Structures are given as C-alpha cells and as structure tokens.
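Heads up: the structure comes next, in structure tokens.
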Amino acid sequence: MDRKAHIPAHLHDLRKKIEGYARGYGLDFFDTVFEVLSFDEINMVAAYGGFPNRYPHWRFGMEYERLSKGYEYGLSKIYEMVINNDPAYAYLLESNADVDQKLVMAHVFGHVDFFKNNFMFRHTHRKMMDEMANHGTRVRRYQDKLGVEAVEDFVDRCLSLENLIDYQSPYVKRRPDRAPADEVDERKVAQGFKAGREYMREYINPPALIEAEQKKLDDEATRKKKFPERPERDVLLFMLENAPLERWEHDVLGIVREEAYYLAPQGQTKIMNEGWATYWHSTIMTQKALEASEIIDYADHHSGTLATQPGQLNPYKVGVELWRDIEDRWNKGRFGKEYDECDSFVERKHWDKRLGLGREKIFEVRKHYNDVTFIDEFLTLEFCVEQKLFTFGYSDKHQRWEIMERDFRKVKDKLLHMLTNFGQPTISVEDGNFENRGELLLVHRHDGVDLKLDYARDTLRNVQSLWRRPVNLVTRVEGRGTAFRFDGREHSDKRVDL
C-alpha cells in the first residue's frame, strides 16, 4: 500500500498538488509520510518530540500537560510537526481547515528539503524513527529489570548533562589519529644495579627490587602523560570512555548522547530552517495553491506565524525576511566590491543591476550555512534598520526592561552570541587525573558571562555521580578565578589564578 495514502482522500489530493508545486520550484526532499491526528494525539506526539515510541520519562508527561492546557485555554495550537528522517514524517491536525492543511504541507516540504540538503544534517541518523523505538525498548527493559525509579533517576542526571557535548565535532576533527605502533613511546624497563659479572645479576637485583623500580617508572610515565592529551569538549564521550559506569548506565548515557547529537543541528539552524519553510509556504500558497475564498484565512494565520512578541526573537520572522533580503540583493546585484564601496545612500537605495541571481543564491545558501554563519554573512546594516532590530535589557535606574542598543554592530554581536553554542557555557574536560588523585577537572571557557552558580553546582553533583570521584570546575566569577569542587557529600570553592 502507498504510504502517502494514509490520509483522507481529499487531503491526499491536496498533498499531491502541493508536492507538485514544491518540486516545480526546485525543492528536493525525501518521501514524506503525513499522518492526521486529533489535538490530543498531536499533543502526545509533540510531548515526545515527534517520536511516539521514545523512551518513557516524566518530563514528556509534563510537556504533554503544558501543551494540552495551552490548547484548551486557547493559548497555543500545534499546526505542524515534521521529523528529520528518510522517509520524513509529518503530522497534521485533523480539525484544521483545508487552507491550513495546504499551508502546513507546503511548510513541511520546505523543512524536509532543508533536512536533506543542508550540510549540518548530513551526519544525522536518517532512520531515527526506528532508532528511537529501539532506545525506548532498551530503557523499558532496564526499568523492568532494575525498577522504574532507579532508571528514571539516572536518566534525569544524564538529561541534565545532555548539553555537555561538542556541537562542532561532526564537522571538525578534534582528535589526532592514533600514532603507528612503531611511533608510540617505548615503555621504560627497569634495569636494576649494574653487575660486574652476569651470574651476580640476580643476587644484586632480586625480583622484588626490579618490580618496585618498574612500578616507579610506570607511575612517572603516567604522571607525565596528560589525560586527556588535550581538552575534551565532549564531556559525555569522555564519561562513556572513562567513567566507571555499569553496563546499563553506559548504554543509557550513550542513548542520551546520541539523541542530543541528532537534535543539535535543528537548534543550530533554527532561524534558517524556519525561515526557509516559511519562505516556501508563502511562495507556494500565494502564487499557486490559494483559492480566492481562502485568502483572508491564510493571511490571518500566516501573520500569526510571523508575529513578534515583545522581548522575543521570532525565528520565522527573522529567517524569512533575511531569505527575501538575500534574494532581492542578488536579483539587483547589491553585493560585491563595487556595491560595498559605494558611499552614496541614494545610489545604494536604488541600486538594480537586474542580475536575477536571487533564487539561485538562496538555494546555494540553504546548502552551505548554519545560523551563525548565515547571520554573520548576510545580516547587513540596511536589513537591521529596515527590520528595526535592537537589543534590550533591564534598567536598574528605571526598574524596567528597556531598549539598550540600536547600533548595528552591537545588535549583530548580541545575536551571534545568542546563537553560538546556543548561548550556553562551553565546558571542557581538562584533566581526568587531577593532582594525581583520580579527580576530574572541568574548565569553563569564560566569554564575558558568569556561570549561574546554582546550575554549576547541580552540574557538578550530577557529573560526580557518574565519575564516582570528586569533580572540580574552574571558572571566572566577578573577574576572579574560582575553583568549585564537589566530593560526593559537600560543595566547596576557593580562589585560583587563571
């Protein structure tokens, strides 16, 4: 049976039309399986991140309650949900009008085209729907064997550390290749005392003496060899390779880490991805799919998608406007040395070389950029002024939130800071045998923002529960170096030189 036909006949016909329009514009996407769900079912699936067979955990129940109440009180409504998979899976809300279903289908095809072609997703597991089900089976098996509370408590600790991965490791080689066997430093062998005659050697150097000297040489070599050899940003990988975990704990931590890496590219391309899907649903709907009777409803729902709440960044709005700006600039030739060196505001405003390269350019950008490089490369002064972008913060003087900066460079830097590493602290394993006591030393790369100390202490507690030995964290607090330590019973801290 055709998997595409698992929806009502009229939706199947709409889907064929929308898919034809999308391919006609050059979108290239995986086969997409649509399923129609009630609001209760779609809230349940959304609570599991789109994977209904995911492992059980209380946080998914809490998310379901939040989504259900949001829908019940009219505060929120899920229009679409799409999963990066091959085939891709997308969910439609059965109570939506046909105009909404068409909009969602067009939006979904934009997402799937992005999943398939953007470089950030090339390493992702394209059969993650099956893999998530496998993860769920393994966790349920451990719960049946060891008890729900014990397994869920360990999952809690793992999830609290799921951001301690190296988001760039799939694209950057961090570790050197293993040295060939003939290049590895040879082990120093204990020689003992020199003997004038060979037959006297074993009397002058008894086995106990040689053994003690060999142990001393091995201990010295261990102290000299850094562990790890260079800072390890993937803290979870270091734990999997070196922490004294039980077999089931190792498996569960591996599951959490694998899912964190699968979901990471979606966070690293949120503005691009949502903007791309919005660009294509608006293009397909306004140029091909809309009936005259549907225009008002479409405009109402589309404007709701692009609405900006005070103090919040709407990735749909920023993304689609930036895609349109890129297309317009490359259509008019507003790029390159000649345009950049033009210092006439009037001339730049009316610049139009009629190159018509916009559509080609946005497909190129869709393939090779993520949010950080997208914003860094294409967010211009003109765009910032046109979109009225600004930074805001809390004013102690006026006791309220206010606009802080409209300066283009400061606005752009603030946005890039928010996107780099998701605005989260960068933590690395510096030493797995700190002070030769088997303790763990973590280092925070300070970028001008102090750690939240309550979060830092909770993180130390959870890392220590995996490492089973005291854990230290060095950071900068109010400009001074500080080392936090948790030994399994109590927290302590002291000043250190950085």
Side-chain angles (χ1 to χ4, degrees), residues 1-38 41-42 44-46 48-54 78-133 262-263 265-266 269-270 272-285 287-290 301-302 305 316 319-320 362-363 366-367:
M1 181 182 292
D2 183 2
R3 286 178 299 187
K4 298 179 183 180
H6 287 179
I7 55 178
H10 77 286
L11 289 182
H12 181 62
D13 292 340
L14 291 178
R15 176 240 160 82
K16 288 176 63 178
K17 290 181 180 179
I18 300 299
E19 181 175 355
Y21 298 146
R23 293 197 184 277
Y25 280 113
L27 297 184
D28 172 30
F29 40 84
F30 298 124
D31 180 24
T32 304
V33 180
F34 286 90
E35 296 186 13
V36 180
L37 304 178
S38 67
E41 291 170 330
I42 204 168
M44 181 189 71
V45 173
Y48 280 91
F51 298 92
N53 291 326
R54 204 172 183 184
I78 299 173
Y79 277 94
E80 57 87 20
M81 190 164 39
V82 57
I83 304 302
N84 169 31
N85 201 73
D86 183 11
Y89 286 84
Y91 303 98
L92 303 174
L93 185 60
E94 66 178 0
S95 60
N96 280 348
D98 283 354
V99 63
D100 294 326
Q101 305 292 29
K102 290 191 290 186
L103 183 155
V104 168
M105 290 175 182
H107 194 86
V108 163
F109 288 130
H111 275 311
V112 181
D113 170 85
F114 195 89
F115 291 148
K116 182 178 180 180
N117 294 285
N118 183 265
F119 84 99
M120 296 291 290
F121 293 87
R122 288 182 180 173
H123 73 280
T124 55
H125 198 315
R126 298 299 192 179
K127 299 295 180 185
M128 201 59 178
M129 189 67 78
D130 297 334
E131 187 66 14
M132 288 280 195
Y262 167 80
L263 294 170
Q266 298 180 40
T269 59
K270 182 73 173 179
M272 284 186 73
N273 200 344
E274 295 296 358
W276 183 255
T278 304
Y279 173 92
W280 285 110
H281 89 229
S282 62
T283 300
I284 291 170
M285 292 297 286
Q287 296 183 8
K288 299 287 186 180
L290 269 181
H301 298 159
H302 177 70
T305 301
Y316 297 82
V320 71
I362 63 173
F363 273 97
R366 167 270 258 148
K367 187 175 183 179

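Numbering starts at 1 and runs along the sequence shown. The figures here come from the full heavy-atom set of this structure, side chains too, leaving out hydrogens, waters and symmetry mates. Since the structure is predicted, the reported quantities are computational estimates derived from the model, not experimental observations.
Nearest heavy-atom pair, Met129 versus Gly50, reported as atom, atom and distance to 0.1 Å: CE-O, 4.0 Å. When every heavy atom of Phe30 is checked against every heavy atom of Ala88, the shortest pair comes out as CB-N, 4.3 Å. Residue Leu93 comes nearest to Ser38 through the heavy atom pair CD1-C, 3.7 Å, listed as atom of the first residue, atom of the second, then distance. In plain terms, the two heavy atoms of Met81 and Ala46 that are nearest each other are SD-CA, 3.5 Å. Between Leu92 and Gln101, the closest heavy-atom pair is CB-OE1, 3.7 Å. Here the closest non-hydrogen pair linking Glu274 and Thr278 is O-OG1, 2.7 Å.
The side-chain heavy atoms of Ile362 and Trp276, taken from C-beta on, include a pair separated by under 4.5 Å. Proximity of Lys102 to Tyr21: side-chain heavy atoms (C-beta onward) are nowhere separated by under 4.5 Å. Side-chain contact between Arg126 and Phe121 is present, with heavy atoms from C-beta onward closer than 4.5 Å. Inter-residue side-chain proximity for His281 and His302 is flagged as met; some heavy-atom pair is nearer than 4.5 Å. In this structure, the side chains of Asn85 and Phe115 stay at 4.5 Å or more apart for every pair of heavy atoms. At a threshold of 4.5 Å between non-hydrogen side-chain atoms, the residues Phe363 and Asn117 do not count as touching. Residues Pro265 and His123 are in side-chain contact: their nearest non-hydrogen atoms beyond the backbone lie under 4.5 Å apart. With contacts defined as side-chain heavy-atom distances shorter than 4.5 Å, the pair Met285/Val99 qualifies.
With ring centers used as reference points, Phe109 lies under 6.0 Å from Phe34.
In this structure, the separation between OH on Tyr262 and CE on Met132 is 6.0 Å, given to the nearest 0.5 Å. The CD1 atom of Ile42 sits 8.0 Å away from the CG atom of Asn96 when rounded to the nearest 0.5 Å. His301 NE2 to Leu103 CG: the interatomic distance, rounded to the nearest 0.5 Å, is 9.0 Å. Atom OG1 of Thr124 is separated from atom CZ of Arg122 by 11.0 Å, given to the nearest 0.5 angstrom. One distance of note links CG of Leu11 with CG of Asp98; it measures 6.5 Å at 0.5 Å rounding. Taken to the nearest 0.5 Å, the OH atom of Tyr89 stands 9.0 Å off from the CG atom of Asp31.
Of the possible donor and acceptor atoms, none in the side chain of Asp113 sits under 3.5 Å from a partner among the backbone N and O of Leu27. Remark: side-chain polar atoms of Asn118 are not paired, donor with acceptor, to backbone N or O of Phe114 under 3.5 angstrom.
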_side chain to side chain contact (heavy atoms under 4.5 Å, CB included) assessment of Asp86 paired with Lys116_ = CA-CA 9 Å; Asp86 183 11; Lys116 182 178 180 180; over 6 Å; no
*For Phe29 and Val108, what are the C-alpha separation, side-chain angles and deciding distance, and is it a side chain to side chain contact (heavy atoms under 4.5 Å, CB included)?*
CA-CA 10 Å; Phe29 40 84; Val108 163; over 6 Å; no
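In the displayed structure, Lys16 atom NZ is contacted under 6.0 Å by at most 12 heavy atoms of other residues, nucleotides or ligands.
Remark: Arg15 engages Glu19 in a salt bridge, criterion side-chain N to carboxylate O under 4.0 Å.
When only modelled atom types and interatomic distance are considered, Tyr25 and Gln287 share a side-chain donor-acceptor pair under 3.5 Å.
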